[in-house]
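So the structure is just underneath, and the comments pick up after that.
All values below were derived from every heavy atom in this structure, side-chain atoms included, with hydrogens, water molecules and symmetry-related copies excluded. Chain A is the first sequence line, chain B the second, and so forth, proteins listed ahead of strands; every chain is numbered from 1.
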There are 2 protein chains.
Amino acid sequence: MSEQKQQDLEPGFIFQRVARQRLRLTDKRLAPHNLTSAQVFLLNWLLHRDGMTQKELAQRLSIGTVAVSGMVDRLEVAGLVRRGQDPNDRRAKKVWLKDSVRTNRELLSGLAKEINDVSFKGMSATEIKTLLGLMDKVHRNLVEALDADDPSKWVNEQPIRR
Amino acid sequence: MSEQKQQDLEPGFIFQRVARQRLRLTDKRLAPHNLTSAQVFLLNWLLHRDGMTQKELAQRLSIGTVAVSGMVDRLEVAGLVRRGQDPNDRRAKKVWLKDSVRTNRELLSGLAKEINDVSFKGMSATEIKTLLGLMDKVHRNLVEALDADDPSKWVNEQPIRR
DNA sequence: TGTGTATTGTTCACAAGCGAATTACATCGG
DNA sequence: CCGATGTAATTCGCTTGTGAACAATACACA
């Protein structure tokens, strides 16, 4: 029933579309576990290296510390994680996994693999490698553009909305 | 200062990263205009075809009708858009651009182009075409997987969180 | 015609992002 | 040691997205 032309008005919009679709599929798989995609991303990083500070987590997840703060709040309430003081820096807080998560390690990392398998279905290993390489290039381009923020260059028109 | 290894724990996470980075850059460019990325996506579609129903907009934007509802609310308050009845279907509402948007057509469509130029910097036309083609394949894979939702297949473990 | 089903838009409650402002602490220079 | 400056986390208020539940309308068919 979903045979629609969807002629691309804006080619770059495909990046948003794919990211959103992946989130939808992941969240659907996670619904029975009462978890969200973002939470699993965070937990997977902790499974890789436990006891990171929230700042470190934010860097790994490419989000701000504000978002991490709220997520750790909810994960703590859910009993999946606990906060601990950083002995070297009393401002910082380290985040530690609780056992309930570690015993389900395979479930969590397996889900990431499953979503990737679905995403890359019908693509050769070479194609996947090419895709990931090009995506990384795009990512580096965008990071560079954001770092070199030169407002005087791109505000060359009058604001459209007062 | 941003020389970090960021070794990829999960290759597919690059999709989220790129999408978010694009949003950040777009929002930064839009801040002086008091607009957001999502609003410009919607307005660009209306510039392409004015007077779509909210359902049609939702399909074009690959989001739910709920999200469109809220966005049109805010755009209406901002005076950028107006709602009108669909003469053929009294349930549906059509969304029409106001003149303030049409007179800034180039600004809006130009921004999309600028973000793409930044994203694809240093890449050949062939590479860009390859990337977009592979992204489209991934997108179709994910849409197919979501359409064919078979919960009995993927709930093969006990819920991790009660 | 009437009844059951499907669709459009809305509201609600929620998660997840963001920027700006704040608090508490660290660090660096004199 | 002190004061200025920088940084980690939090709170606030906002936008955007989701699913569930609902009202109004459309439609299909006995």
Separation of atom [atom1] in [X] from atom [atom2] in [N], rounded to whole Å:
X	N	atom1	atom2	result
B/Leu23	C/dG19	CG	C1'	15 Å
B/Asp73	C/dC12	CG	P	12 Å
A/Leu61	D/dA9	CG	P	13 Å
B/Met52	C/dT8	CE	C1'	16 Å
A/Gln54	D/dT11	CD	P	10 Å
B/Gln16	C/dC18	CD	C1'	17 Å
B/Phe41	D/dT15	CZ	P	17 Å
B/Glu76	C/dG9	CD	C1'	13 Å

Using only side-chain N and O atoms of [X], determine if any of them is under 4.0 Å from OP1 or OP2 of [N].
X	N	result
B/Arg90	D/dC27	no
B/Arg22	C/dG17	no
B/Lys93	C/dT10	yes
B/Lys55	C/dT8	yes

> A/Gln54 pairs by side-chain hydrogen bond (donor to acceptor under 3.5 Å, both in side chains) with which of A/Arg83, A/Gln59, A/Lys94?
Replying inline: A/Arg83
> Below 4.0 angstrom, N of the basic side chain to O of the carboxylate: do A/Arg102 and A/Asp99 qualify?
Replying inline: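 Counted as a salt bridge, because a side-chain N and a carboxylate O are separated by less than 4.0 Å.
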>> Please determine whether a side-chain nitrogen of the Lys or Arg among A/Arg90 and A/Asp86 lies less than 4.0 Å from a carboxylate oxygen of the Asp or Glu.
In response: no
>> Does any part of the side chain of B/Thr26, heavy atoms only, come nearer than 4.5 Å to the side chain of B/Val40, both counted from C-beta?
In response: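 Result no, sub-4.5 Å side-chain heavy-atom pair not found.
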> Would you call B/Leu47 and B/Leu97 a side-chain contact if the rule is heavy atoms closer than 4.5 Å?
Replying inline: yes
>> Please classify the nucleic acid contact of A/Asp89 as base, sugar-phosphate, or nothing, using heavy-atom distances under 4.0 Å.
In response: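 Answer is sugar-phosphate: A/Asp89 comes under 4.0 Å of backbone atoms only.
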>> Tell me every residue that passes ring pair (Phe, Tyr, Trp, His ring centres under 6.0 Å) with B/Phe41, counting only those two or more places apart in sequence or in another chain.
In response: A/Phe13
Pick out the pairs of N or O atoms, protein on one side and nucleotides 16-22 of chain D on the other, that lie under 3.5 Å.
unit_1: D/dT16; atom_1: OP1; unit_2: B/Thr36; atom_2: OG1; d: 2.2
unit_1: D/dT16; atom_1: OP2; unit_2: B/Arg74; atom_2: NE; d: 2.9
unit_1: D/dT16; atom_1: OP2; unit_2: B/Arg74; atom_2: NH2; d: 3.0
unit_1: D/dG17; atom_1: O3'; unit_2: A/Arg20; atom_2: NH1; d: 3.4
unit_1: D/dT18; atom_1: OP1; unit_2: A/Arg24; atom_2: NH1; d: 2.1
unit_1: D/dT18; atom_1: OP2; unit_2: B/Gly64; atom_2: N; d: 2.8

>> Run the side chain to side chain contact (heavy atoms under 4.5 Å, CB included) test against A/Lys137 and tell me which residues pass, sequence neighbours left out.
In response: A/Arg140, A/Asn141, B/Met123
>> Ignoring hydrogens and geometry beyond distance, is the side chain of B/Arg91 in donor-acceptor contact with the base of C/dT7 at under 3.5 Å?
In response: yes
